[in-house]
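Keep in mind the model is a prediction, meaning the values are calculated, not measured. Hydrogens, waters and symmetry mates play no part in the numbers below; they use all other heavy atoms, side chains included.
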Amino acid sequence: MMTDLETSMATIIAVFQKYSEREGDKYKLKKSELKDLLHDELPDLMAHVKDQATLDNLMETLDTDGDAECDFQEFMTFISVVTVCCHEFFEHEDE
């Protein structure tokens with residue numbers, strides 16, 4: 001039986017693959033795949049993203065190697081940042 005953390009890690013990988021396998025390189029998310037993933041899997045977060053420019057800026061920020069796609073390592077960096085920014089556990093760290 002997998003631990004909670006192992007299950008969470010497997011889920012993140014499965015979600016990434018579910019979208020990355022739709023077209024092109026199955027190890028990377030195209031901008032359209034990333035947009036679908038964010039809208040489907042993070043709807044509360046995306047409710048705060050009002051315009052395409054913000055989404056484009058996010059993609060450019062994630063795309064550290066400049067290939068116009070988001071690989072798994074870039075995706076995990078995003079997941080880490082969102083988790084730290086959005087989770088109440090980290091909100092009062094400075095106090």
Side-chain angles (χ1 to χ4, degrees):
M1 188 170 126
M2 290 202 303
T3 67
D4 288 348
L5 185 56
E6 289 169 333
T7 301
S8 298
M9 291 164 63
T11 300
I12 290 171
I13 293 167
V15 168
F16 180 86
Q17 288 177 327
K18 178 171 131 184
Y19 292 88
S20 68
E21 292 176 346
R22 290 183 176 178
E23 55 184 278
D25 187 339
K26 69 179 183 177
Y27 298 104
K28 295 184 178 187
L29 293 165
K30 295 173 99 65
K31 189 184 285 187
S32 61
E33 292 169 331
L34 178 63
K35 185 178 177 184
D36 289 346
L37 184 155
L38 295 174
H39 280 284
D40 296 350
E41 307 294 336
L42 296 170
D44 291 345
L45 176 70
M46 292 309 291
H48 300 289
V49 178
K50 300 297 182 208
D51 59 357
Q52 185 62 42
T54 303
L55 200 58
D56 289 343
N57 190 26
L58 171 64
M59 182 70 179
E60 286 173 25
T61 304
L62 290 178
D63 184 21
T64 55
D65 63 4
D67 67 355
E69 294 183 314
C70 179
D71 65 25
F72 188 72
Q73 189 164 344
E74 292 165 337
F75 177 69
M76 284 307 299
T77 300
F78 167 72
I79 294 295
S80 300
V81 169
V82 170
T83 302
V84 171
C85 289
C86 297
H87 198 283
E88 60 196 35
F89 177 80
F90 299 107
E91 286 180 7
H92 306 291
E93 197 174 357
D94 298 340
E95 296 174 3

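Of all non-hydrogen atoms in E41 and K18, the two that sit nearest each other are OE2-NZ, 3.2 Å. Between A68 and D63, the shortest heavy-atom contact is N-OD2, 2.7 Å.
Hydrophobic cluster membership of L5, counting Ile, Leu, Val, Met, Phe, Trp and Tyr whose side-chain heavy atoms lie under 4.5 Å apart directly or via other members: M9.
Considering F16, Y19, F78 in turn, F16 is the only one that fulfils the ring pair (Phe, Tyr, Trp, His ring centres under 6.0 Å) rule with F72.
Note: C70 SG to L34 CG = 5.5 Å, rounded to the nearest 0.5 Å. Between S8 atom OG and M2 atom CE the span is 9.0 Å, to the nearest 0.5 Å. With rounding to the nearest 0.5 angstrom, the NZ atom of K31 is 10.0 Å from the CG atom of L58.
Side-chain contact check for L37 versus V15: some heavy-atom pair is nearer than 4.5 Å.
Side chain of E6 to main chain of T3: a donor-acceptor pair is present (N/O by atom type, distance under 3.5 Å, no hydrogens or angles). A donor-acceptor pair under 3.5 Å is formed between the side chain of E74 and the backbone N or O of T64.
The cluster map of Ile, Leu, Val, Met, Phe, Trp and Tyr, joined by side-chain heavy atoms under 4.5 Å apart, puts M76 and I13 in the same cluster. I12 and V81 fall into different hydrophobic clusters, defined by Ile, Leu, Val, Met, Phe, Trp and Tyr side-chain heavy atoms under 4.5 Å apart, directly or through other members.
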Which donor-acceptor pairs under 3.5 Å do the side chains of residues 23-30 make with protein atoms, sequence neighbours left out?
{"residue": "D25", "atom": "OD1", "partner": "Y27", "partner atom": "N", "Å": "2.8"}
{"residue": "K28", "atom": "NZ", "partner": "D67", "partner atom": "OD2", "Å": "2.4"}

